[in-house]
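Below: the structure, in structure tokens.
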Amino acid sequence: MPLSDAGLCYAVITSPSAARSTRTARVIAGRGPIRPEWYRNVPKGSNLTFTDAGHVVSIARGATGDIAAISAAPDTYVSRRVRSFAAIFIPIGVLCG
């Protein structure tokens, strides 16, 4: 499945410290719908990953400046990618011991 058809969403936002809704955060760039409940206050220089409504959501906040990136992928897409990765690398790990 091409990446563009996978239902992936992302956004780069300013003011993540006040980002409790789309009204307080300004989206600089993005693609797809970012749900308001995905906006979380994350400490500077750290990240957070969680699942919500069938999506795996990751937030990474810059160490300097008030900027953050949010990405969301459907859990079916993530599962498919993990299975293909595991199918290749688990046998290699078993062979290499």
Side-chain angles (χ1 to χ4, degrees):
M1 173 182 298
L3 194 60
S4 61
D5 297 334
L8 302 175
C9 309
Y10 64 85
V12 177
I13 62 170
T14 60
S15 303
S17 56
R20 292 292 179 187
S21 72
T22 54
R23 283 178 262 143
T24 58
R26 191 175 133 233
V27 176
I28 299 171
R31 174 181 179 263
I34 298 293
R35 296 179 180 180
E37 59 268 18
W38 292 345
Y39 289 91
R40 305 279 171 91
N41 190 2
V42 177
K44 285 188 175 186
S46 64
N47 58 48
L48 172 70
T49 302
F50 57 94
T51 58
D52 180 61
H55 285 79
V56 176
V57 181
S58 293
I59 303 170
R61 184 163 177 198
T64 60
D66 209 11
I67 193 165
I70 300 174
S71 66
D75 56 3
T76 54
Y77 175 79
V78 174
S79 296
R80 188 170 43 250
R81 299 295 294 173
V82 168
R83 274 195 302 272
S84 66
F85 179 83
I88 295 169
F89 289 101
I90 288 176
I92 291 173
V94 169
L95 289 173
C96 293

Quick one, Y77 with V56, criterion side chain to side chain contact (heavy atoms under 4.5 Å, CB included). Give me CA distance, side-chain angles, the key distance, then yes/no. CA-CA 9 Å; Y77 175 79; V56 176; over 6 Å; no
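A heavy-atom distance below 4.5 Å is found between the side chains of V57 and I70. Counting only heavy atoms from C-beta outward, the side chains of F50 and I59 approach each other to under 4.5 Å.
Here the shortest heavy-atom pairing between A72 and W38 reads CB-CZ3, 3.4 Å. Nearest heavy-atom pair, S46 versus V42, reported as atom, atom and distance to 0.1 Å: OG-CG1, 3.2 Å. For the residue pair P91 and A86, the shortest heavy atom distance occurs at CD-O, 3.6 Å. Scanning all heavy atoms of the two residues, the minimum distance from R35 to A53 falls at NH1-CB, 2.6 Å.
When hydrophobic clusters are built by joining Ile, Leu, Val, Met, Phe, Trp and Tyr residues whose side-chain heavy atoms come closer than 4.5 Å, directly or via intermediates, V82 is not grouped with F89. No single ILVMFWY cluster, assembled from side-chain heavy atoms under 4.5 Å apart, contains both I90 and I92.
Between D66 and R61, at least one side-chain N (NZ, or NE/NH1/NH2) sits under 4.0 Å from a carboxylate O, which counts as a salt bridge.
The distance from atom CZ of R81 to atom OG1 of T76, rounded to the nearest 0.5 Å, is 12.5 Å. The distance from the OG atom of S71 to the NE2 atom of H55 is 10.5 Å, given to the nearest 0.5 Å.
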